[in-house]
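Just follow the structure's listing: the first ligand is 1, and inside any ligand the first atom is 1.
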Amino acid sequence: MSLVVQRTPDASTFFRGQTIFLTGGTGCLGGCLLFKLALKLDARKIFVLVRGSAAQAMASWARTMPIEIEPVFATGKVHLVVGDFTKGDFGIEPATLAELAEQVTLVVHAAASISLKAPLRTTIANNCIPTLQLAKLSTTFTKLSCFAYISSAYANSFLPDGVVEEKIYEMGDAEKEVSDILETGSVSRGMAHLSHLEGVAPYYVGKHLTERLLPSRYPHLPILIVRPTIIGPAISQPYPYYGPSGSCPISTYMRGYMKAPDSGIFHVSPYHPMGTNILDEIPVDLVANILLLHLLHGTRGIVHAGAQSYVPRTLSHIHADIRAFCPSESAPFTYVTDMTIEQGKYARFWKLFGRDWHFSNKATKPLLAVMGPLSVALEDHDAASFMRNRARIIAEAILKSKTKL
Ligand SMILES: NC(=O)c1ccc[n+]([C@@H]2O[C@H](COP(=O)([O-])OP(=O)(O)OC[C@H]3O[C@@H](n4cnc5c(N)ncnc54)[C@H](OP(=O)(O)O)[C@@H]3O)[C@@H](O)[C@H]2O)c1
């Protein structure tokens, strides 16, 4: 897929004419997108896929956007579509599907099961296959101008440390890989064509294969693939530090570590013996703005949304934030290049934290100076103190939960 960036300038005029089918609207990124589309961009109509029932979705928003969700619905623009992406036709009623096919101009597919623990076959069945199913459904959407899929910058985590470009890294036959995984449930040693994926977390294998199959199966679909790095709490929208529990991995890591520190030992590359590798995180509202900017500008192809478009911080920066709130007797963080030394349990789980990829942001660079509702300019935002304060908020919540017991 080659990257095409076309210019169409005015966000308000553009989004006022759009009918969006949004999946993952009850999640971290989807909630932020819903807030922006309804309240900041005045989109014409937003169909939101919700799992279970409308009541369950409302209960979820009551937890994650307790103040903001009422004005979002007061716009009258939001239409809930009950469904489940693991079911045929996403479990959507035929009459509603016909409405979508007739009206939708933009699909934003932000729903996923983001568990790093799910087995490979499960993540392929739950994330990859449903995305391909949605792409197929979208080929019947008569007014569709873009199908946006949220992938992950770590879809290519089989690559060595270094620069990762905004392109698909083709490695053999993706169709065969998916069918072999569904059949055997593993990236087995016997299958040479899958060997590059050995050791990569299943969730990222799913993202990688989905990226490859989308354009090959649906060459005529106008596809935009956005690859966020690690999503972090919002700078300001829907509100400062928004981010549902469990959806911001570094916050989850911080919470776990502050509650139960381990040996603090991390394997790092010989180039960063002091943990100065970039641990790439970007606030969710900037991810939303980058995605929406590329929808506005008619971009097709792959776009990274990472710290190059925010402020790159290192593993040791994150650890300094955590350290300030750890019990004083806990071990200091230690970075080792000798891979025979046993790491702590967090380092073993969050394998990516010791890596050193640089995610190119060539596609977004020309848009970094855009002002208005989709601005990614940071103005007087101080990333270091914002993120340090995130650690304080987490530490205070832990303390509060302990005093409640
Ligand atoms: N979080 C990150 O650090 C990160 C980084 C890179 C890329 N991404 C990608 O960005 C996208 C958004 O992630 P997120 O952090 O917003 O995830 P999230 O907070 O976990 O939200 C996931 C969303 O998907 C929905 N969903 C899950 N299973 C579903 C199903 N079977 N049918 C319908 N909806 C279902 C959830 O609905 P319920 O409310 O019903 O559970 C929820 O709305 C995902 O594609 C994710 O892979 C995330």
*Which residue supplies the protein heavy atom nearest to atom 3 (O) of ligand 1, what is that atom called, and how far is it?*
I231 N, 2.9 Å

*Please state whether the rings of F141 and F21 are parallel, tilted or perpendicular, taking 30° and 60° as the class boundaries.*
perpendicular

*asked:* Using a 4.0 Å cutoff against the non-hydrogen atoms of G24, which atoms of ligand 1 qualify?
replied: 23 (C), 24 (O), 43 (O)

_Closest approach of any protein heavy atom to atom 18 (P) of ligand 1, naming residue and atom_ = S247 OG, 3.7 Å

*Can you find an N/O atom of T26 closer than 3.5 Å to an N/O atom of ligand 1?*
yes

*Is it true that a side-chain atom of W61 and a backbone atom of Q56 form a donor plus acceptor pair closer than 3.5 Å?*
no

*Output the list of atoms in ligand 1 that are nearer than 4.0 Å to some heavy atom of A110, sorted by atom number.*
11 (C), 12 (C), 44 (C), 45 (O)

_Quick check: P244 and ligand 1, any N/O pair under 3.5 Å apart?_
no

*Would you check if there is a donor-acceptor pair between the side chains of Q103 and T19 at a distance under 3.5 Å?*
no

*Describe, in one word, how the ring planes of H319 and F333 are oriented to each other, choosing from parallel (under 30°), tilted (30 to 60°) and perpendicular (over 60°).*
parallel

*asked:* Within ligand 1, which atoms have a heavy atom of Y203 less than 4.0 Å away?
replied: 7 (C), 8 (N), 9 (C), 46 (C), 47 (O), 48 (C)

*asked:* Which residues pass the ring-ring contact (aromatic ring centres under 6.0 Å, His included) test with F353, not counting sequence neighbours?
replied: Y253, W350

_N or O contact, T229 vs ligand 1, cut-off under 3.5 Å_ = no

*Compute the minimum heavy-atom distance from G83 to ligand 1 and say whether it is under 4.0 Å.*
no

_Under 4.0 Å, counting heavy atoms only: does R227 come that close to any atom of ligand 1?_
no

_Closer than 4.0 Å to some heavy atom of A111 - which atoms of ligand 1 meet that?_
24 (O), 25 (C), 34 (N)

*Might you work through the side-chain hydrogen bond (donor to acceptor under 3.5 Å, both in side chains) test for H272 and T337, ending with a clear yes or no?*
CA-CA 9 Å; H272 296 283; T337 54; over 6 Å; no

*Mind checking whether C28 has an N or O less than 3.5 Å away from an N or O of ligand 1?*
yes

*Is there a donor-acceptor contact under 3.5 Å linking the side chains of S113 and S115?*
no

*N/O of T86 under 3.5 Å from N/O of ligand 1, yes or no?*
no

*Decide whether H304 and T364 meet the rule of one side-chain donor and one side-chain acceptor closer than 3.5 Å.*
no

*L34 pairs by side-chain contact (heavy atoms from CB on, under 4.5 Å) with which of T26, I46, L29, V108?*
I46

*Identify whether the distance between the nearest side-chain nitrogen and carboxylate oxygen of R217 and E175 falls below 4.0 Å.*
yes

*Could you tell me whether ligand 1 has any atom less than 4.0 Å away from a heavy atom of P249?*
yes

*Out of I230, I114, N126, who gets a non-hydrogen atom closest to atom 20 (O) of ligand 1?*
I114

_Sidechain-backbone polar pair: T23 side chain, A111 backbone, donor-acceptor under 3.5 Å_ = yes

_D84-ligand 1 polar pair, N/O distance under 3.5 Å_ = yes

*asked:* I'd like to check which ligand 1 atoms, numbered from 1 as shown, lie under 4.0 Å from a non-hydrogen atom of S151.
replied: 7 (C), 8 (N), 9 (C)

